[in-house]
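We number each residue from 1, following the sequence as shown.
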Amino acid sequence: MENQTTVTEFILRKLSSDPQMQVFLFSMFLVIYLITVGSNIVIMVVIRDDSHLNTPMYFFLFHLSFVDICYSSVTVPNMLMNFLVEHKTISVNGCIVQMFFILLSIGAEIFILSAMAYDRYAAICDPLCYMERMSKGICVQLVSGAWAIGFFHALLNTVFTSKLRFCGPNEINHFSCELPPLLQRSCTDSPTNQVVLLTSVVIFGSSSFLLTLISYICIISTILRIRSAEGRHKAFSTCSSHLIVVALWYLTAFFQYTKPSSVSSVVLDEIFSIQYSILTPMLNPIIYSLKNKEVKIALGKMLGKLKFLK
């Protein structure tokens, strides 16, 4: 171990070694990133512009869009830059910083999704006390709590990772500095980091998932007790967008971080990572705008104002 040279930078894995394919991938991910940032900004502007969207559900959607912009911006710009340069390197400290912001964004997003599930629970299962349960102060506390939990989760794993020694090979089998492939490049015996990673994922991930699951069990139970088909459809339509987003996120991210090593594959890891870190932030505003009548009306009003100004 003493003869090994300490690594000061990592080489991120290429998605393709074919120059033509790299041009295609660069163009595709650039378009996806621009759509992600643009569509989420539009959602945020529409929510701020329309007084009819001044409700807890859209307050959370505003912050979800902000997290999606942050999450996508942590990984995609660096990925795009690596398509253009020959040496796709990142310093060890830079890699750890990127890992911190990835974990922060993941933690904040899953707990904002849980807060949105609780909001739908309060609206459908206890509508008479909805405004009391979901006051402005409580909504701010829920969003602040989501960021605080994400920060603690990221800081905990970053502190332990920063104490590791990396010796080589210095190529990371991933296009970004996520924690599992980073731990694989440590030459320090790191059972503590593995335990911290597994424990934090289980505690934070499962608690967020259980909060969301319990909320939806209560929601579905309440909807099924509604006698009219129109009433059931109206109640379910208010949470269908959120349910789709939750399903997309958990099915990919949860499998990525909890799958056994026996089914580990670099290609499979990258596919799942692209899904939840790049595609999902792009799809979220599209899903909410297509499935939500109020957002579509507000978007139409804003476009009408822009046409009038011309």
### Message
Within the supplied structure, the quantity of interest is the number of heavy atoms (other residues, nucleotides, ligands) at a distance under 6.0 Å from Phe26 CZ; does it exceed 12?
### Response
yes

### Query
Hey, any chance Val74 and Leu34 share a hydrophobic cluster, counting ILVMFWY side chains that come within less than 4.5 Å of each other, even indirectly?
yes

### Query
Any idea which heavy atoms bring Met134 and Pro56 closest together, and the distance?
O-CG, 3.4 Å

### Query
Phe151 and Val143: same hydrophobic cluster, using ILVMFWY side-chain contacts below 4.5 Å?
yes

### Message
How long is the straight-line distance from CD1 of Ile138 back to CZ of Arg133, given to the nearest 0.5 Å?
### Response
9.0 Å

### Message
Do Ile96 and Ile11 land in one hydrophobic cluster if side-chain heavy atoms of ILVMFWY residues count as linked below 4.5 Å?
### Response
no

### Message
Does either side chain, that of Asp126 or that of Tyr121, offer a donor lying less than 3.5 Å from an acceptor on the other one?
### Response
no

### Task
Identify, with sequence neighbours excluded, every residue that meets side-chain hydrogen bond (donor to acceptor under 3.5 Å, both in side chains) alongside Ser221.
Arg225

### Query
Is the side chain of Thr212 donor-acceptor paired with the backbone N or O of Ser208 at a distance under 3.5 Å, no angle test?
yes

### Query
Going hydrophobic residue to hydrophobic residue with side-chain gaps under 4.5 angstrom, can you get from Ile219 over to Ile217?
yes

### Query
Residues two or more places apart in sequence or in another chain: which of them pass side-chain hydrogen bond (donor to acceptor under 3.5 Å, both in side chains) with His52?
Asp50

### Parallel, tilted or perpendicular: ring planes of Phe204 versus Phe152, cut at 30 and 60 degrees
perpendicular

### Task
Using salt bridge (Lys or Arg N to Asp or Glu O under 4.0 Å) as the criterion, list what pairs up with Arg232, not counting sequence neighbours.
none

#### Entry: Closest non-hydrogen atom pair, Ser105 against Val67
O-CG1, 3.6 Å

#### Entry: Asn54 atom CG, over 12 foreign heavy atoms within 6.0 Å
no

### Query
Is the number of heavy atoms from other residues, nucleotides or ligands within 6.0 Å of CZ (Phe62) greater than 12?
yes

### Task
Taking side-chain hydrogen bond (donor to acceptor under 3.5 Å, both in side chains) as the test, write out the residues that go with Asn93, two or more places apart.
none

### Query
Under 30°, 30 to 60°, or over 60°: which ring-plane class applies to His242 and Tyr216, parallel, tilted or perpendicular?
parallel

### Message
With side chain to side chain donor-acceptor pair (under 3.5 Å) as the rule and sequence neighbours excluded, what pairs involving residues 30-40 come up?
### Response
Tyr33-Ser73, Asn40-Ser65

### Those residues that, when tested against Cys95, pass disulfide (SG to SG under 2.5 Å) (two or more places apart)
Cys177

